[in-house]
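Report on the following structure.
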Amino acid sequence: MSQIVITEFMATDAVESLARSYAVEYDPSLVDDRDRLEQLLGSAEGLIVRNRTQVDAALLDAGPRLRVVGRLGVGLDNIDLDACEQRGVAVKPAVGANADSVAEYVIAAALCLVRGVFMSSDEVIAGEWPRVSLSGLEIQGRTMGLIGFGDIAQRVAVRASALGMSVVGHDPFLPPDDDAWSKARNVPLDEVLRTSDVVSLHVPLTDDTRGLIDDHALGVMKDSAVLVNTSRGGVVDERALVEALRAGRIRGASLDVFASEPVSSSYGEQFAGVPNLILTPHIAGITAESNDRVSFMVADEVADVLAGGSR
């Protein structure tokens, strides 16, 4: 019976479905126990991870029988794709399974930051009644700017349009005549930054995108604009963002991803007391519904490869 090792959380029903046909080792603590993970991979044919398990060449070498890596999500920067290809290991991400969850997070964060009234509980309880200082802005009639215009960004565009927003986007890898551009106006990057009231990031972390939102980019943005990052932490220069928020050079930001994850208390100190900043623990794509979709999609893909299906 083939063995599958699962190192991060997965829907229980999906784990149980795999366990009916395979020897499953499900232990989310493995993400922090590299030695034990390497030992278990000695006899494993399948490995299922999220974003924290680093599937590098050394880990793959520890699994000589490994045939497939399932990724509970879509980002692949924690998986050495070249090393997988060299060893004939298939990589199966959950493409599209959590797209709606991320799109809803972007809209929710945008509404919270633009309206600016949803963190006043302490003042209300204390009887301060801060109605004047909390008179925020409406999102209708404003501009949603999407950097990267793949599946998730396109779903954000549909939702933003339904709220009465105009939508602009930038994606150098999407052909200008692609039908997707019917959902947004295709403009240069600087125009997205300069004209948007909400800037939402939807790009992978590469040499070209690392630090994309830096001092210059933040300086181009409106001082009334907000930034939402659900892509990868390294895309935003966190120091520059903190300085811009403290100085009031942009209105607010929501970060679901960070340059170093999980965030330690010492690392997180840089964000303490920063105004109009929402921080969440890489959770934009995780809801009860999306976790089920992602888990069953990956379970099916991994089982298909192990059964001799497509790689």
Side-chain angles (χ1 to χ4, degrees), residues 11 50-51 71-77 93-115 118 137-171 173-174 178-187 189 192-193 195-205 209 212-213 225-233 235-236 251-258 261 277-298:
R50 283 190 183 268
N51 65 301
R71 166 68 168 93
L72 295 162
V74 293
L76 298 175
D77 47 291
V95 178
N98 65 357
D100 285 328
S101 297
V102 179
E104 289 186 5
Y105 175 102
V106 172
I107 295 298
L111 286 165
C112 285
L113 291 166
V114 172
R115 187 65 186 268
F118 300 106
L137 306 172
E138 294 181 356
I139 206 165
Q140 68 169 342
R142 300 190 181 275
T143 299
M144 172 68 75
L146 300 163
I147 300 177
F149 202 60
D151 183 32
I152 293 173
Q154 291 170 35
R155 297 186 194 212
V156 173
V158 171
R159 289 161 172 78
S161 295
L163 288 171
M165 301 184 77
S166 58
V167 183
V168 297
H170 174 76
D171 192 325
F173 300 103
L174 188 65
D178 194 288
D179 289 345
W181 288 118
S182 64
K183 302 181 182 73
R185 187 164 58 88
N186 183 7
V187 301
L189 176 59
V192 173
L193 294 169
T195 64
S196 298
D197 299 289
V198 179
V199 175
S200 184
L201 306 178
H202 300 276
V203 296
L205 182 60
T209 63
L212 179 68
I213 305 302
V226 303
L227 176 72
V228 181
N229 187 17
T230 57
S231 59
R232 286 294 180 265
V235 175
V236 174
R251 180 179 178 86
S254 178
L255 301 180
D256 186 55
V257 287
F258 303 87
E261 295 184 13
L277 176 62
I278 297 171
L279 305 177
T280 54
H282 205 145
I283 203 77
I286 301 174
T287 59
E289 296 88 349
S290 73
N291 190 41
D292 283 344
R293 290 193 299 267
V294 165
S295 297
F296 277 103
M297 177 183 287
V298 170

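When a residue number appears, it is its place in the shown sequence, counting from 1.
Considering every non-hydrogen atom in both Phe118 and Leu111, the closest pair reads CE1-O, 4.1 Å. Between Ala157 and Lys183 the shortest heavy-atom distance is CB-O, 3.8 Å. When every heavy atom of Val199 is checked against every heavy atom of Val192, the shortest pair comes out as CG2-O, 4.3 Å. When every heavy atom of Val294 is checked against every heavy atom of Ala97, the shortest pair comes out as CG2-CB, 3.6 Å. Shortest non-hydrogen contact noted between Cys112 and Ile278 is CB-CD1, 4.1 Å. Nearest heavy-atom pair, Leu113 versus Arg251, reported as atom, atom and distance to 0.1 Å: O-NE, 3.2 Å.
Under 3.5 Å, the side chains of Thr287 and Tyr105 contain no donor-acceptor pair of N or O atoms. Under the 3.5 Å distance criterion, with hydrogens and angles disregarded, no donor-acceptor pair is assigned to the side chains of Ser196 and Thr143.
Note: Asn229 CG to His202 NE2 = 9.0 Å, rounded to the nearest 0.5 Å. Atom CG of residue Leu193 and atom CG of residue Leu227 lie 9.0 Å apart, to the nearest 0.5 angstrom. Here CD1 of Ile152 is found 12.0 Å from CG of Leu201. Values are rounded to the nearest 0.5 Å. Rounding to the nearest 0.5 Å places CG of Asn186 at 8.0 Å from NE2 of His170. In this structure, CD1 in Ile107 is found 5.5 Å from CG in Leu163, a value given to the nearest 0.5 Å.
Side-chain contact between Ile286 and Asn98 is absent, with no heavy atoms from C-beta onward closer than 4.5 Å. Between Ile147 and Ile213 the shortest side-chain heavy-atom distance falls below 4.5 Å. Arg115 places none of its side-chain heavy atoms less than 4.5 Å from the side chain of Ile139. Taking 4.5 Å as the limit, some side-chain heavy atom of Phe149 sits within range of a side-chain heavy atom of Gln154. Within the 4.5 Å cutoff, no side-chain heavy atoms of Ser101 are placed close to those of Glu289. Counting only heavy atoms from C-beta outward, the side chains of Leu76 and Arg71 approach each other to under 4.5 Å. When side chains are defined from C-beta on, Glu261 counts as touching Asn51, because their heavy atoms get closer than 4.5 Å.
Listed for the Thr209 side chain is no donor-acceptor partner under 3.5 Å among the backbone atoms of Leu212. Although no hydrogens or angles enter the test, the distance criterion places no donor-acceptor pair under 3.5 Å between the side chain of Arg293 and the main chain of Met297. In this structure, the side chain of Asp256 engages the main chain of His282 through a donor-acceptor pair within 3.5 Å.
Ionic pairing of Arg159 and Asp100 is present here: one or more N-O contacts between side-chain nitrogen and carboxylate oxygen are shorter than 4.0 angstrom.
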